[in-house]
Amino acid sequence: MSSARTPTGIPRYRIAGLLAVMLLQVGAASAQAQTKEPARYVLSGSAGLALRITRASEFGQSQLAPSYADTLVGYVLPAPRGYRHGFGVGAAMNLARDGGYVLPVYAAQQLALMPAYLGYYDLGRDLVALGHLGLPLLVSGGRSFGLEAGFMFGYRLLAGAGVFAQLDLDAFAGAQSRVNLLASLALGVVVDYEVLP
């Protein structure tokens with residue numbers, strides 16, 4: 001039985017095998033290029049205002065919660081371009097007094113720390129989106145814990161620095177088995193640093 005040959009005398013199965021190997025190498029190189037998105041460090045700082053969805057009028061709370069400042073330090077894992085996972089730690093502090101005469105909270109009295117999962121998506125050369133899901137823990141000015149979901153949309157002014165707007169939704173355990181719900185809007189600056197190999 002004779003093998004089918006090309007006009008050059010090389011068997012066709014060898015050419016087919018050579019083409020298959022070449023395609024596999026191109027595919028492997030492409031996959032390797034996709035995994036070359038490096039890790040990133042993210043550092044953000046902002047100030048914002050919060051609106052109480054629920055409020056305890058007996059404690060003298062108004063609908064508008066105190067202004068606050070917060071910061072977040074995070075690490076985004078290396079992965080193919082697109083949606084990426086990360087983790088971080090946030091800290092937030094109230095900037096104004098809150099409440100009436102029963103249980104007042106003074107400016108800079110409450111500090112919350114928050115371990116968080118991060119979701120990072122690079123939208124292009126100048127735009128980035130960063131979401132987080134965290135567990136804020138009040139460590140001074142009371143004892144409480146909660147759940148926070150937030151979304152940040154940032155614009156890079158420079159290669160690794162920019163400005164952002166962020167929307168957060170919070171649920172905190174309050175006094176008398178109450179759940180306090182808040183929505184907040186913050187503006188700030190972000191440093192988005194690419195870790196080069």
Side-chain angles (χ1 to χ4, degrees), residues 37-53 55 61-79 81-99 105-142 144-172 180-196:
E37 285 292 313
R40 304 187 82 86
Y41 290 110
V42 178
L43 172 64
S44 70
S46 65
L49 292 172
L51 181 69
R52 287 189 173 98
I53 299 170
R55 69 186 181 101
Q61 292 180 345
S62 64
Q63 204 70 48
L64 194 63
S67 56
Y68 65 92
D70 71 358
T71 185
L72 176 74
V73 178
Y75 180 78
V76 179
L77 299 167
R81 188 170 180 82
Y83 184 84
R84 298 164 65 184
H85 304 281
F87 54 89
V89 177
M93 178 174 284
N94 66 311
L95 298 177
R97 186 181 189 278
D98 187 33
V105 175
Y106 299 99
Q109 183 178 359
Q110 289 187 327
L111 172 66
L113 298 179
M114 178 184 71
Y117 162 81
L118 303 180
Y120 180 95
Y121 196 86
D122 196 339
L123 297 169
R125 186 167 174 241
D126 297 326
L127 303 175
V128 65
L130 182 70
H132 71 267
L133 184 63
L135 298 170
L137 308 168
L138 196 60
V139 295
S140 70
S144 184
F145 63 94
L147 179 66
E148 178 175 291
F151 177 77
M152 176 188 93
F153 182 74
Y155 179 77
R156 294 185 183 106
L157 299 172
L158 302 170
V163 294
F164 70 88
Q166 178 169 297
L167 175 66
D168 293 325
L169 298 173
D170 290 272
F172 271 95
N180 299 319
L181 302 175
L182 298 100
S184 59
L185 179 64
L187 300 175
V189 294
V190 61
V191 176
D192 182 8
Y193 178 74
E194 188 175 90
V195 182
L196 297 175

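Around the OH atom of Y83, the shell of radius 6.0 Å holds more than 12 heavy atoms that belong to other residues, nucleotides or ligands. Atom OH of Y121 sits in a sparse spot, with 12 or fewer heavy atoms from other residues, nucleotides or ligands closer than 6.0 Å.
Nearest approach of F164 to G154, heavy atoms of both residues: CB-CA, 3.8 Å. When all heavy atoms of L64 and A50 are compared, the closest pair comes out as CD1-O, 3.4 Å. Across all their heavy atoms, D170 and P136 have their closest contact at OD1-CG, 4.3 Å. Between A96 and P66, the closest heavy-atom pair is O-CB, 3.6 Å.
The CZ atom of R40 sits 4.5 Å away from atom CD of E194, with the distance rounded to the nearest 0.5 Å. Expressed to the nearest 0.5 Å, how far CG of L169 lies from CG of L181 amounts to 9.0 Å. One distance of note links CG of L49 with OG of S184; it measures 9.0 Å at 0.5 Å rounding. For the atom pair L130 CG and L118 CG, the distance stands at 5.5 Å (nearest 0.5 Å). A distance of 8.0 Å separates CG in L51 from CG in L182, rounded to the nearest 0.5 Å. Rounding to the nearest 0.5 angstrom, the gap separating the CZ atom in F172 from the CD atom in E148 is 7.0 Å.
Between D70 and Q166, the closest side-chain pair of non-hydrogen atoms falls below 4.5 Å. In this structure, L133 and L147 have side chains that are in contact, with non-hydrogen atoms separated by less than 4.5 Å. Residues M152 and H132 fail the side-chain proximity criterion, which asks for heavy atoms closer than 4.5 Å. The shortest side-chain heavy-atom distance between V89 and V73 does not fall under the 4.5 Å cut-off. In this structure, the side chains of F153 and L123 come closer than 4.5 Å at one or more pairs of heavy atoms. In this structure, V42 and V190 have side chains that are in contact, with non-hydrogen atoms separated by less than 4.5 Å.
Ion pairing of D122 with R156 is present here, as a side-chain N (NZ or NE/NH1/NH2) and a carboxylate O approach within less than 4.0 Å.
One N or O on the side chain of R84 and one on the backbone of L77 form a donor-acceptor pair closer than 3.5 Å. Distance alone, capped at 3.5 Å, is enough to place a donor-acceptor pair between the N94 side chain and the Q110 backbone. Of the possible donor and acceptor atoms, none in the side chain of E37 sits under 3.5 Å from a partner among the backbone N and O of R81. Remark: the backbone N or O of L111 is paired with a side-chain donor or acceptor of S140 at under 3.5 angstrom. Between the T71 side chain and the S44 main chain, a donor and an acceptor come within less than 3.5 Å of each other.
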In sequence, state the C-alpha distance, the side-chain angles, and the governing distance for D168 and Y68, and then conclude on side chain to side chain contact (heavy atoms under 4.5 Å, CB included). CA-CA 12 Å; D168 293 325; Y68 65 92; 4.1 Å; yes

Under the side chain to side chain contact (heavy atoms under 4.5 Å, CB included) rule, what do L113 and V139 come out as? Steps first, then yes or no, please. CA-CA 7 Å; L113 298 179; V139 295; 4.2 Å; yes

CA sep, side-chain torsions, deciding dist, call: L138, F145, side chain to side chain contact (heavy atoms under 4.5 Å, CB included): CA-CA 6 Å; L138 196 60; F145 63 94; over 6 Å; no

Go through V128 and Y120 one step at a time and tell me if the side chain to side chain contact (heavy atoms under 4.5 Å, CB included) criterion holds. CA-CA 8 Å; V128 65; Y120 180 95; 3.5 Å; yes

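In this pair, Y193 and Y41 present their aromatic rings parallel. The plane angle is below 30°, not in the 30 to 60° band.
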